[in-house]
Amino acid sequence: YYAQTYGGGNVTMTPANTIGCPTDGDGNSDHPIAMGPVQPGQISANLQAMNQSYLAWIGDRGVDPGNWFVRECVSWAGYFVRSQYPAKYGNFNNNFRGAEFGNAKTWASGARDAGLPIDSTPAVGSIGVRTSGRAGHVAAVIGVNPDGTFTIAEYNHVSHHGFSVRTNVRVGNDSDDFLYFIHFER
């Protein structure tokens, strides 16, 4: 896979990939922006804006409004869900519908317990879940390629408590793969 940290690197996405982006810092996705192609050496403007909105949302707290530790993968994924789907999941938190969404490792079982659609097929807007490792990992799927690989936006994987985008990620059990996808976008 190709790893890129916030603000540098080379990511290619198609204009068909769209993710809404809150632009006024209120945590609501009321100003969606098409992602569009990304030029070498930069992340698309809406991912930059979305990361800035996330940083404003968490402020200088240690725990975010969804009750996750800030700058962790679960905090970013929770923010992504809340901001992309405010009408349906604006109150998404680590005890959503009484199910556990604490460490990333619990998100697949939490999704099942909460009655959320979950399978092994990535889709733009879904949350990828890896259950391997001590705490697992979650990330937002922001692009899917014809060969089945996909692009993710994430926190706390490529760099400690940092934002990153990875391309050509695969479905599977390896340490950088994702096995499950929670379909908040449906």
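In this text, all values refer to a predicted model and were calculated from it rather than measured experimentally.
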Run the side chain to side chain contact (heavy atoms under 4.5 Å, CB included) test on Phe80 and Phe184 for me, step by step, so that the C-alpha distance in whole Å, both residues' side-chain angles and the decisive distance to 0.1 Å come before the verdict. CA-CA 10 Å; Phe80 180 88; Phe184 293 97; over 6 Å; no

Verdict with supporting geometry, Leu47 and Val165, side chain to side chain contact (heavy atoms under 4.5 Å, CB included): CA-CA 9 Å; Leu47 279 178; Val165 172; 4.0 Å; yes

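Environment of CZ in Arg134: sparse, with no more than 12 heavy atoms of neighbouring residues, nucleotides or ligands closer than 6.0 Å. Counting non-hydrogen atoms of other residues, nucleotides and ligands closer than 6.0 Å to CG of Asn91 gives a total above 12.
For residues 111-134, the set of pairs meeting the ring-ring contact (aromatic ring centres under 6.0 Å, His included) definition, not counting sequence neighbours, is empty. Each side chain to side chain donor-acceptor pair (under 3.5 Å) pair with one or both residues in residues 97-116, not counting sequence neighbours, would appear here, but there are none.
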Show me, pair by pair, the donor-acceptor contacts under 3.5 angstrom made by side chains of residues 121-130, not counting sequence neighbours?
| residue | atom | partner | partner atom | Å |
| --- | --- | --- | --- | --- |
| Ser126 | OG | Ala123 | N | 3.3 |
| Ser126 | OG | Ala123 | O | 2.6 |
| Arg130 | NE | Ser132 | OG | 3.4 |
| Arg130 | NE | Ser175 | O | 3.4 |
| Arg130 | NH1 | Ser175 | O | 2.6 |

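Scanning all heavy atoms of the two residues, the minimum distance from Val70 to Asp64 falls at CG1-N, 3.7 Å. Contact detail for Ile118 and Ala111: the closest heavy-atom pair is CD1-CB, 4.2 Å. When all heavy atoms of Trp76 and Ala153 are compared, the closest pair comes out as NE1-O, 3.1 Å. Looking at every heavy atom in both residues, Gly110 comes nearest to Ala99 through O-CB, 3.3 Å.
In this structure, the separation between CD1 on Ile142 and CD1 on Ile152 is 8.5 Å, given to the nearest 0.5 Å. Here the NE2-CG distance, from His161 to Asn156, works out to 4.5 Å after rounding to the nearest 0.5 Å. Note that CE of Met50 is 5.5 Å distant from OH of Tyr79, once rounded to the nearest 0.5 Å.
The ring pair (Phe, Tyr, Trp, His ring centres under 6.0 Å) test applied to Tyr180 returns no partner, not counting sequence neighbours. Qualifying side-chain hydrogen bond (donor to acceptor under 3.5 Å, both in side chains) partners for Glu154, counting only residues two or more places apart in sequence or in other chains: His137, Ser164, Arg166. Judged as a side chain to side chain contact (heavy atoms under 4.5 Å, CB included), and not counting sequence neighbours, the contacts of Phe69 are Val63, Glu72.
Using the six-membered ring where Trp is involved, Phe181 and His183 have ring planes that are tilted, between 30° and 60° apart. Classification of the Tyr54-Trp57 ring pair by plane angle, with boundaries at 30° and 60°, yields tilted.
Here Trp68 and Phe92 bring their ring centres to under 6.0 angstrom of each other.
Considering only heavy atoms from C-beta on, Leu55 comes within 4.5 Å of Asn51 through its side chain. For the pair Val74 and Tyr155, the minimum side-chain heavy-atom distance is 4.5 Å or more.
Using a 4.0 Å cut-off between charged side-chain N and carboxylate O, Arg186 and Asp119 make a salt bridge.
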